[in-house]
Amino acid sequence: MGRKFKVWLDSGANIESRYEDEVDLDFLGVSSEEWENMNERERDELMKDVAWERMDWGYKEITDE
């Protein structure tokens with residue numbers, strides 16, 4: 001088992017608005033060496049992608065009928 005990380009996304013809307021998961025480097029498809037060679041911005045972007053996988057959002061045009 002490789003390195004594990006806790007990832008979360010919280011809209012702050014209420015107690016149920018927090019999504020939390022644990023992932024490891026295998027799940028991310030990244031080797032330990034690749035992780036070590038990433039800068040902070042690259043690590044942030046990778047983890048942000050994991051957190052946003054569960055986010056539901058959208059929009060709908062409202063027309064007068």
For this session: Apply side chain to side chain contact (heavy atoms under 4.5 Å, CB included) to Leu25 and Ser31, showing your working.
Result: CA-CA 6 Å; Leu25 291 179; Ser31 71; over 6 Å; no
For this session: Verify the neighbour count for atom CD of Glu33: are there more than 12 heavy atoms of other residues, nucleotides or ligands below 6.0 Å?
Result: no
Taking a hydrophobic cluster as the set of Ile, Leu, Val, Met, Phe, Trp and Tyr residues connected by side-chain heavy atoms closer than 4.5 Å, whether directly or through intermediates, do [X] and [Y] fall within one such cluster?
{"X": "Phe27", "Y": "Val7", "value": "yes"}
{"X": "Val50", "Y": "Trp52", "value": "no"}
{"X": "Leu9", "Y": "Met47", "value": "no"}

Exercise. Do the charged groups of Glu45 and Lys48 touch, with an N to O distance under 4.0 Å?
Worked result: yes
[atom1]/[X] to [atom2]/[Y] distance, rounded to the nearest 0.5 angstrom?
{"X": "Asp26", "Y": "Ser32", "atom1": "CG", "atom2": "OG", "answer": "10.5 Å"}
{"X": "Asp49", "Y": "Leu28", "atom1": "CG", "atom2": "CG", "answer": "10.0 Å"}
{"X": "Glu22", "Y": "Lys6", "atom1": "CD", "atom2": "NZ", "answer": "6.0 Å"}
{"X": "Tyr19", "Y": "Asp10", "atom1": "OH", "atom2": "CG", "answer": "13.0 Å"}

Exercise. Stepwise, does the side chain to side chain contact (heavy atoms under 4.5 Å, CB included) test hold for Leu46 with Met38?
Worked result: CA-CA 10 Å; Leu46 180 61; Met38 288 180 178; 3.9 Å; yes
Exercise. Do Glu34 and Arg43 pass the salt bridge (Lys or Arg N to Asp or Glu O under 4.0 Å) test, and can you show the C-alpha distance, the side-chain angles, and the key distance before you say yes or no?
Worked result: CA-CA 10 Å; Glu34 289 172 313; Arg43 290 177 180 180; over 6 Å; no
Seminar exercise, completed: Correct closest heavy-atom pair for Gly12 and Ser17 would be N-OG, 3.4 Å
Exercise. Are Phe5 and Trp35 an aromatic pair by the rule of ring centers under 6.0 Å?
Worked result: yes
